[in-house]
Novice: 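Right, I'll just put the structure down here and ask away after.
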Amino acid sequence: MHWRLLIVGGLVATVVLLLLTHSAGFTKQPTDRLPVQPELAKKKAVASTQAEKGGKVCIDIKGAVNRPGVYHLLKGSRVEEAIAAAGGSTSQADLNQVNLAKELLDQQVIQIPRLGEQVLPLGDTLGNANNSSSSTKVNLNTATKEELTKIDGVGDKKADKILEYRNQHGSFKTPDDLKNITGFGEKTVAKLKDQLAV
């Protein structure tokens with residue numbers, strides 16, 4: 001009979017301890033921020049087992065995130081996953097300026113802007129640039145498809161369109177000539193100009 005009381009008392013103490021530990025670490029997540037999505041959490045759990053196969057990238061995320069800092073993520077991760085790793089975005093984050101689908105590169109700095117903050121085209125920010133310095137420009141007249149896809153906002157399809165235009169019309173005179181290509185509007189070209197040379 002005495003040993004039963006000890007077992008029951010031990011179980012009750014364990015349950016109380018677990019409840020206190022759980023409630024002490026509980027915080028309500030704001031609803032107006034980029035949430036940590038279940039599929040991202042699942043990827044993070046799998047990441048540790050896949051890390052040896054695919055490798056990891058080390059990134060530094062700053063700005064309008066809940067926990068800015070340095071994070072090690074699975075190679076092939078996207079800016080969206082970096083934001084989730086940093087606890088999600090704050091209510092002041094302007095995610096319209098961020099390419100959430102951009103693949104992360106090792107040693108990349110990701111700056112998440114706040115609402116009303118003007119983002120200058122800097123190297124390795126917002127997941128929009130490659131590892132080269134911000135002074136490196138891509139020459140529209142000599143760039144390969146691979147080099148063109150390193151420009152923020154230019155994927156495989158747009159790179160193909162640039163190459164096709166160049167083959168049909170000759171050299172670009174100015175970066176503004178991109179406006180003659182379907183898919184490159186005035187705003188898009190304005191964003192790309194600092195990354196381009198002719």
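Computation of the quantities below employed the complete heavy-atom set of this structure, encompassing side-chain atoms and omitting hydrogens, waters and symmetry-equivalent molecules.
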Novice: Give me the atom names and distance for the closest heavy-atom approach of Asp60 to Gly69.
Specialist: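 Closest approach of Asp60 to Gly69, heavy atoms only: OD1-O, 3.4 Å.
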Novice: Evaluate the side-chain proximity of Asp160 to Lys145: yes if any heavy-atom separation is below 4.5 Å, no if none is.
Specialist: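 Result yes, sub-4.5 Å side-chain heavy-atom pair found.
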Novice: Counting only N and O atoms by type, is there a donor-acceptor contact under 3.5 Å from the side chain of Arg114 to the main-chain atoms of Thr90?
Specialist: no
Novice: To the nearest 0.5 angstrom, please state how far the NE2 atom of His169 sits from the CG atom of Asn167.
Specialist: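 Between His169 NE2 and Asn167 CG, I get 10.0 Å after rounding to 0.5 Å.
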Novice: Counting distance only, does the side-chain N/O of Gln97 pair as donor-acceptor with the main-chain N or O of Pro113 below 3.5 Å?
Specialist: no
Novice: For a quick test of reading the model, state the closest non-hydrogen atom pair linking Ile61 to Ala86 and the distance between them.
Specialist: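 It is CG2-CB, 3.7 Å.
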Novice: Decide yes or no for Lys158 and Leu192: does some side-chain heavy atom of the first lie under 4.5 Å from some side-chain heavy atom of the second?
Specialist: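 Side-chain contact under 4.5 Å: no.
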Novice: Looking at Pro68 and Gly63, what are the two nearest heavy atoms and their distance?
Specialist: CG-O, 4.5 Å
Novice: Which distance, rounded to the nearest 0.5 Å, do you find between the CG of Leu95 and the CD of Glu80?
Specialist: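 Nearest 0.5 Å value for the CG-CD distance: 10.0 Å.
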Novice: Tell me, with the steps shown, if Asn99 and Val79 meet side-chain contact (heavy atoms from CB on, under 4.5 Å).
Specialist: CA-CA 7 Å; Asn99 181 355; Val79 171; 5.9 Å; no
Novice: Roughly how far apart are Leu140 CG and Arg166 CZ, rounded to 0.5 Å?
Specialist: 8.0 Å
Novice: Ignoring hydrogens and geometry, is there a side-chain-to-backbone donor-acceptor pair from Asn66 to Gly88 under 3.5 Å?
Specialist: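 Here the side-chain-to-backbone pair exists.
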Novice: How close do Asn180 and Tyr165 get, counting heavy atoms only, and between which atoms?
Specialist: ND2-OH, 3.1 Å
Novice: Taking CD in Gln168 as the centre, count heavy atoms belonging to other residues, nucleotides or ligands within less than 6.0 Å. Is the count above 12?
Specialist: yes
Novice: Do the side chains of Asp176 and Lys193 get close enough for a salt bridge, i.e. N-O under 4.0 angstrom?
Specialist: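 A salt bridge is present here (some side-chain N lies under 4.0 Å from a carboxylate O).
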Novice: Give the cluster check for Leu115 versus Val98: same hydrophobic cluster or not, with ILVMFWY residues linked at side-chain heavy-atom distances below 4.5 Å.
Specialist: no
Novice: Return the minimal non-hydrogen interatomic distance between Val138 and Ala143, and the atom names on each side.
Specialist: CG1-CB, 3.5 Å
Novice: Apply side-chain contact (heavy atoms from CB on, under 4.5 Å) to residues Ile110 and Ile83 and explain how you reach the verdict.
Specialist: CA-CA 9 Å; Ile110 302 164; Ile83 293 171; 5.8 Å; no
Novice: Please tell me if the side chains of Gln108 and Val57 come closer than 4.5 Å, counting only heavy atoms from C-beta onward.
Specialist: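 No, too far: nothing below the 4.5 Å cut-off.
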Novice: Any chance you could measure Ile112, atom CD1, to Gln92, atom CD, to the nearest 0.5 Å?
Specialist: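 It comes to 13.5 Å.
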Novice: Which value, rounded to the nearest 0.5 Å, describes the distance between Leu148 atom CG and Gln195 atom CD?
Specialist: 11.5 Å
Novice: Give the C-alpha distance, both sets of side-chain angles, the deciding distance and a yes or no for side chain to side chain donor-acceptor pair (under 3.5 Å) between Glu146 and Thr144.
Specialist: CA-CA 5 Å; Glu146 182 181 341; Thr144 64; 5.3 Å; no
Novice: Would you indicate whether the side-chain heavy atoms of Arg78 and Glu103 approach each other to under 4.5 Å?
Specialist: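 The answer is yes; the side chains approach within 4.5 Å.
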Novice: Phe172 vs Leu196, test: side-chain contact (heavy atoms from CB on, under 4.5 Å). Steps then yes/no.
Specialist: CA-CA 11 Å; Phe172 288 88; Leu196 305 175; over 6 Å; no
Novice: Would Ile59 and Val70 count as a side-chain contact (heavy atoms from CB on, under 4.5 Å) here? Give the steps.
Specialist: CA-CA 6 Å; Ile59 57 100; Val70 175; over 6 Å; no
Novice: Quick one: OG1 on Thr182 to CD on Glu164, what's the gap to the nearest 0.5 Å?
Specialist: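 If I round to the nearest 0.5 Å, the distance is 9.5 Å.
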Novice: Please report the shortest heavy-atom distance between Asp106 and Cys58, naming the atom on each side.
Specialist: OD1-N, 2.8 Å
